[in-house]
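Working notes for the structure below.
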Amino acid sequence: MLRAPWRQKGKGRKMELKYSPKAIEEKWQAHWEKENLFAVTEDESREKYYLLEMFPYPSGRIHMGHVRNYSIGDVVARFLRMRGFNVLHPMGWDAFGMPAENAAIKAGIHPATWTRENIDYMKKQLKKLGFSYDWSREMATCDVSYYRWEQLFFLKMYEKGLAYKKSSYVNWCETCQTVLANEQVEGGACWRCDQSVAQKEMDQWFFKITEYVEELLDHTDKLPGWPERVLTMQKNWIGKSFGSRIFFPLEGMDDQLTVFTTRADTLFGATFMSIAPEHPMVKVLSRGTSQEEAVTDFVQRTVLSKRGDREAGMVEKEGIFTGSYCINPVTRARMPIYVANFVLMEYGTGAVMAVPAHDHRDFEFACKYGLPVKVVIQPDKGSTPLNPEGLTAAFEEDGVLVESGEFSGMPSEDARVAITEHLAGNGQGELTTQYRLRDWGISRQRYWGAPIPIIYCETCGTVPVPPEDLPVVLPTDVELLPNGASPLPVHEPFAVVNCPACGETARRETDTMDTFVESSWYFARFASGNHGEGPLDREKVKYWLPVNQYIGGIEHAVLHLLYSRFFTKVLRDMGYLTVDEPFENLLTQGMVIKDGAKMSKSKGNVVDPDQMVEAYGADTVRLFCLFASPPEKDLEWSDQGVEGSFRFISRIWRLVAENEKALREAVPYEGGAQLSKPLRDLHRKTHQTIRKVSEDIHDRFHFNTAIASVMELVNMMYQLQESPPSDDRYWPVMKEGVEAMVLLLSPIVPHVAEELWRGLGHEESIVNAPWPRWREEALEADEMLIVVQVNGKLRSRVTVSARAGREEMERAALQDERVQDFIAGKDIRKVVVVPGKLVNIVL
RNA sequence: GCCUGGGUGGUGGAAUAGGUAGACACAAGGGACUUAAAAUCCCUUGCACCAAGCGUGCGUGCGGGUUCGAUUCCCGCCCCAGGCACCA
């Protein structure tokens, strides 16, 4: 048992009057660690709570965003622990990724060394902040003992067809020398380095996330604990739309072009066809025509242009006639086929039927190339009809069909189905559903990642590494190339292997997996401890999952959170997990900003957590992060606000230190005995505060208002100290208030709370102290202040008995002198009484 | 363009179920203590007017509406932030 300073110091004043955080923080951190207070095991007799914060990338040092994220999580973890839950609160490292490689190239340190050193430093930082993690579960995703299981998942996914390889145009970042998933391209630029992304045709591994698209979409309605905007972002990303697939026969060829459209009602107005430059039919359609050379030229130019510019609509619409025609299946009209730079190969079928009268893009294109415009939809009655001759813009809304044969007169909505069904009858079309979501490309041409367990053999083709040969260990004896290209392909001992099937010399896959794969299942690994027999311990995972509360930044709204949901479903179907969704509740905290902008080195507005902890202590930094704004909002850093937080802790410190002896000797008041009014007020305030803080933390994570209410309690105790009552219950009631204050603040400022708790005479750690309960009878006041309004305007306040009913409230209000002035000589039409709140007299 | 949030004092923010708008804090001002300063403690602090009161009027982006009563609910608009965006 560690000896507390007030005992070490012997006689005289035992607690320092001045609050100095350094010594007490180090002392209690060491104590908690030694006593192993935060390690947990499965315990069926207790209700479990799995609290998780997004684990950090070990970039070197933690930043204020981490401090905020983890402070929020720690309050919840400590609070629920005091409430008796078996709380799992783990921490680890998202340790694969490019910064390690970049540092290696720049500074000549091996990525593994760099990562390890960063982890060591950041772990020290987290410990200095006093977070209550179960460090026994710590892991880094670059550990072989972690990624080996990911390779096993890959093999199982490969077996089920959920991991497959295909050649396609992919997003290529020249700076990062690697491919990016669609989710990792933001506004046409790389999510990490901002480099504009180009298209490149490559052989790549994909995870078939589209296999789960319906479930991923459906389950967004089964996540009431997620913020609406995150769910909306995911729904938008999945981008489900209903429409039709229509087949257009090619003139003079025994083949057809397939398009996807949501506007089959406009089919009679389709006058030409636009296809993507990457479309496989481009070559066939232009071959042998006078356009052949020009088309090849155009395609080359367009495909090479930056995807970002092309996708963002920055490039002017351009196209070229292929030299071939197709036939409109309903009008039999000849439609020229164009290659157009605005048609995307990745969406739909890569071919679009162009209806210039009813689509602004087609309109723009038709005007530019002098193509026919045919109006087939007229606005509903009441609006001015479209003039087919002088059309100045496309009419894109629904309306009534015209010039559409038997479908003329039909509303758009009905016609979409009717026309498609008509086509379906002739095998010329079908109703279909289209998604924006595409499969997740996971190949990365980088070194610092988990190797993909595949071998290429000249005779046997693609051969998965047999599970018993796992792990495929990432070699560490590599020389990193200055241009960032992966050294693995030229690392012979790694790249050259014997084929597991025929034994002949073969080559390994040298691409590594996207690091988002690691973070897609780490939460389940934490629940398994460092299970050695397999990826997950089914029983343990069953006990802990799902994560009850997940906390992290909004920036992962689509990326990490969508991938994790997908992985959870895959692992469920493999029999590892029993849950459908990984995270029951999600809290997305706001950014930490300074001077109105996100903290960044380039803006020079970074506040260093180390310096802050050094200057004020961890408790002050935590308190400020929680007090300055509610978690989901941005937090504006304020040095003066930090000073204020430090002052508040000093204030509670002095309240205990200055009255140490009296408080230690007092027995907390527990009700019963009669109290004088000031003490009754304090007793009530104490219990009101307990209720307020409990509800604010439990129901809504509003720590700022919880802290504010403790401040009110503290202010009241200081007020009472100004003129202490002679009542002999003074110290018992003060002790009740002080103990509540310390307990309520302990999840937020755990070190100072622990110190004060011991100072009040407690032998056991506050970490395991039960959370205080409020008593209803203590909340009851003997009188209450009610508001009196006349015609809805506040005119007076009257004090009535707490038990006053409607009649008594009304009587008291009407008798009030000030109210009398307002109602004298007037008829009272109505009196509204809200029990316990107000009386409104309507004249 | 579409989809989400959001707009409250000098500042961060509060008002949880339609019921005292501005809790709590920062900043500012004043006072006490001190030889002085710092620290600490206490008081004032939305705006305007004034007869200076437990005063009156105004006030939660703007304009309407519902209601005895609206920061809160409804309709229309403006602005800011984030996401998606040539998605056919």
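All chains are named by letter (A, B, ...) in the order of the sequence lines, taking the proteins before the strands, and each is independently numbered beginning at 1.
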Give one of base, sugar-phosphate or nothing for [X], where a contact means two heavy atoms less than 4.0 Å apart.
X: Gly641(A); value: nothing
X: Pro227(A); value: nothing
X: Asp696(A); value: base
X: Asp359(A); value: nothing
X: Phe627(A); value: base
X: Phe822(A); value: sugar-phosphate
X: Arg797(A); value: base
X: Val842(A); value: sugar-phosphate
X: Arg691(A); value: nothing

For this session: Check the chi torsion on rG55(B) and let me know: syn if it falls within 90° of 0, anti if not.
Result: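 Anti, angle beyond 90° from zero.
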Problem set entry | Options rG55(B), rC84(B), rG19(B), nucleotide nearest the side-chain atoms of Arg818(A) |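 Nucleotide nearest to Arg818(A)'s side chain: rG55(B).
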Check the phosphate of [N] against [X], side-chain N and O only, distance under 4.0 Å to OP1 or OP2. Yes or no?
X: Arg647(A); N: rC26(B); answer: yes
X: Arg700(A); N: rA15(B); answer: yes
X: Lys830(A); N: rC68(B); answer: yes

For this session: Please determine if Arg68(A) and Asp634(A) form a salt bridge, counting it only when a charged side-chain N lies under 4.0 Å from a carboxylate O.
Result: no
Exercise. Is it true that the NZ or CZ of Lys317(A) lies under 6.0 Å from the centre of Phe365(A)'s six-membered ring and within 45 degrees of the ring axis?
Worked result: no
